[in-house]
Amino acid sequence: MDRNRVAAWIAAYEQAWRTPGTAALGTMFTPDATYQQGPYRDPVVGLPAIVRMWDSERDGPDEVFQMTSEVVAVDGDTAVARVQVRYGDPVHQEWRDLWIMRFAEDGRCLSLEEWPFAPERRTTAAG
């Protein structure tokens, strides 16, 4: 993988989120892919389970959101990106994530691990 391919995959992810149905997920994830929605959450395993999770997590393809991303690092088949999503107009929910992605040779994702942070949640005990 390289930065351009990772950025294109993230753009395809956003486009799939904005598109009715889940057909695009088969071109984005391998059949045995894992999707972990937080570092301590159990992973969703396999494309059928990812499709079910996808359908249950989004409001629908017409959901109002803004998404920006920046590829932070790529090393072989592994990439890290900073992703920010703001839902609603006006914004009612916001997330800043780190995505750790591992890719197959064909460019589909083998694993996606999210490290989500919301502005109203504290991340340390001190301060």
Side-chain angles (χ1 to χ4, degrees):
M1 289 301 282
D2 61 36
R3 287 176 181 271
N4 290 336
R5 288 180 70 195
V6 173
W9 188 89
I10 294 169
Y13 181 105
E14 179 181 355
Q15 184 59 43
W17 196 264
R18 295 181 185 279
T19 301
T22 56
L25 297 180
T27 65
M28 297 175 55
F29 291 94
T30 62
D32 59 345
T34 61
Y35 192 129
Q36 193 171 0
Q37 294 176 286
Y40 296 104
R41 294 187 62 183
D42 291 332
V44 176
V45 180
L47 184 57
I50 292 170
V51 166
R52 287 190 300 276
M53 178 271 302
W54 187 277
D55 269 341
S56 71
E57 291 291 318
R58 70 177 177 164
D59 289 343
D62 57 349
E63 183 174 23
V64 176
F65 71 95
Q66 298 172 351
M67 180 173 156
T68 59
S69 63
E70 172 191 6
V71 177
V72 176
V74 179
D75 185 10
D77 67 353
T78 303
V80 177
R82 182 180 299 114
V83 179
Q84 184 155 338
V85 184
R86 293 183 170 110
Y87 292 95
D89 184 18
V91 174
H92 61 82
Q93 185 180 26
E94 180 177 343
W95 295 95
R96 186 171 296 164
D97 295 346
L98 288 178
W99 286 5
I100 302 170
M101 299 155 283
R102 205 174 92 238
F103 292 94
E105 285 188 23
D106 66 3
R108 291 183 297 166
C109 190
L110 290 165
S111 67
L112 172 60
E113 179 182 344
E114 293 185 39
W115 287 65
F117 295 90
E120 67 277 1
R121 294 190 175 89
R122 298 182 68 117
T123 59
T124 63

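Side-chain atoms are counted along with the backbone in the values below, which use heavy atoms only and exclude waters and symmetry mates. Residue numbers count from 1 along this sequence.
Heavy-atom minimum distance, Gln93 versus Trp95: NE2-NE1, 3.0 Å. When all heavy atoms are compared, the tightest approach of Phe103 to Met101 is CE1-CB, 3.5 Å. Considering every non-hydrogen atom in both Ile10 and Ala81, the closest pair reads CD1-CB, 3.6 Å.
Cluster membership check: Leu112 does not share its hydrophobic cluster with Leu110, using side-chain heavy-atom separations under 4.5 Å among Ile, Leu, Val, Met, Phe, Trp and Tyr.
Looking at Met53 and Gln37, their side chains come closer than 4.5 Å, going by heavy atoms from C-beta outward. By the 4.5 Å heavy-atom criterion applied to side chains, Val74 and Arg5 are not counted as neighbours.
Sequence neighbours left out, the pairs with a member in residues 8-29 that pass salt bridge (Lys or Arg N to Asp or Glu O under 4.0 Å) are Glu14-Arg18. Evaluation of the salt bridge (Lys or Arg N to Asp or Glu O under 4.0 Å) test over residues 37-51, restricted to residues two or more places apart or in two chains, returns none. Evaluation of the side chain to side chain donor-acceptor pair (under 3.5 Å) test over residues 46-58, restricted to residues two or more places apart or in two chains, returns none.
Applying the side chain to side chain donor-acceptor pair (under 3.5 Å) criterion to Trp9, with sequence neighbours excluded, gives no partner residue. Under the side chain to side chain donor-acceptor pair (under 3.5 Å) criterion, Tyr35 pairs with Tyr13, Glu114, sequence neighbours left out. Asp77 pairs by the salt bridge (Lys or Arg N to Asp or Glu O under 4.0 Å) definition with Arg102, not counting sequence neighbours. Evaluation of the side chain to side chain donor-acceptor pair (under 3.5 Å) rule for Arg108 yields Asp106 as partners, not counting sequence neighbours. Residues passing the side chain to side chain donor-acceptor pair (under 3.5 Å) test with Glu113, sequence neighbours excluded: Trp115.
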Check residues 23-34 and write down every donor-acceptor pair under 3.5 Å in which the side-chain atom is one partner and the other belongs to a residue at least two apart or another chain.
unit_1: Thr27; atom_1: OG1; unit_2: Ala24; atom_2: O; d: 2.7
unit_1: Thr30; atom_1: OG1; unit_2: Asp32; atom_2: OD1; d: 2.9
unit_1: Thr30; atom_1: OG1; unit_2: Ala33; atom_2: N; d: 3.3

Just distance, no hydrogens or angles: give the donor-acceptor pairs under 3.5 Å from side chains in residues 61-73, sequence neighbours left out.
unit_1: Glu63; atom_1: OE1; unit_2: Trp17; atom_2: NE1; d: 3.0
unit_1: Glu63; atom_1: OE1; unit_2: Asp59; atom_2: N; d: 3.4
unit_1: Glu70; atom_1: OE1; unit_2: Arg82; atom_2: NH1; d: 2.6

